[in-house]
Colleague: 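The following block contains the structure, expressed as structure tokens.
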Amino acid sequence: MFIKLILITAVILAIAFIGFAISILIKKNGRFPELHIGRNEELKKRGISCATSQHKMEQEKAKNAKLYRKLTLLDKELESL
């Protein structure tokens, strides 16, 4: 009984994979759908990006703000001379 269940499951999975492969081959730009959020065009249109990208952008903003703060402090010290 258990062997029959495993064989039936394997056949169903094989049919599903074959169907998926055929659909990729038949499509004009036959490739796997893009699952990474950062490269998905529809999500970009909606302004959604991945957490890694958002983290990098925020780190860059913080770095720029820190550099700006240092420059303004240096300018104030130079003006006082």
Side-chain angles (χ1 to χ4, degrees):
M1 179 73 176
F2 186 67
I3 303 259
K4 284 183 182 180
L5 180 64
I6 290 176
L7 287 175
I8 291 172
T9 305
V11 169
I12 290 173
L13 284 173
I15 291 171
F17 280 115
I18 290 169
F20 188 61
I22 289 172
S23 70
I24 289 174
L25 291 174
I26 292 175
K27 285 183 180 179
K28 184 176 180 181
N29 295 329
R31 14 183 177 140
F32 288 101
E34 186 58 58
L35 299 177
H36 190 269
I37 295 171
R39 294 186 205 123
N40 191 313
E41 293 299 322
E42 285 299 315
L43 292 176
K44 280 184 185 178
K45 288 178 188 175
R46 296 177 185 178
I48 300 171
S49 62
C50 70
T52 305
S53 299
Q54 286 180 341
H55 180 69
K56 286 180 183 178
M57 289 187 295
E58 291 301 320
Q59 290 296 321
E60 190 64 31
K61 284 181 191 176
K63 181 181 174 184
N64 290 338
K66 189 175 182 182
L67 288 175
Y68 178 73
R69 192 173 333 132
K70 283 183 182 178
L71 288 175
T72 55
L73 288 174
L74 181 63
D75 290 339
K76 287 179 183 177
E77 287 182 25
L78 289 175
E79 288 174 3
S80 67
L81 293 176

Colleague: Following the transitive rule for hydrophobic clusters with a side-chain heavy-atom cut-off under 4.5 Å over Ile, Leu, Val, Met, Phe, Trp and Tyr, establish whether V11 and I3 coincide in one cluster.
Modeller: no
Colleague: List in chain and number order the residues that pass salt bridge (Lys or Arg N to Asp or Glu O under 4.0 Å) with K4, two or more places apart in sequence or in another chain; answer none if no residue qualifies.
Modeller: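 Per chain and number, K4 pairs via salt bridge (Lys or Arg N to Asp or Glu O under 4.0 Å) with no residue.
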Colleague: My understanding is that only residues two or more places apart in sequence, or in another chain, count here; which of them pass salt bridge (Lys or Arg N to Asp or Glu O under 4.0 Å) with E58?
Modeller: K61
Colleague: Which value, rounded to the nearest 0.5 Å, describes the distance between I12 atom CD1 and L7 atom CG?
Modeller: 11.0 Å
Colleague: Which value, rounded to the nearest 0.5 Å, describes the distance between L25 atom CG and F20 atom CZ?
Modeller: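 Going from CG on L25 over to CZ on F20, the span is 10.5 Å.
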Colleague: Can you find a heavy atom in the side chain of M1 that is under 4.5 Å from one in the side chain of L5?
Modeller: no
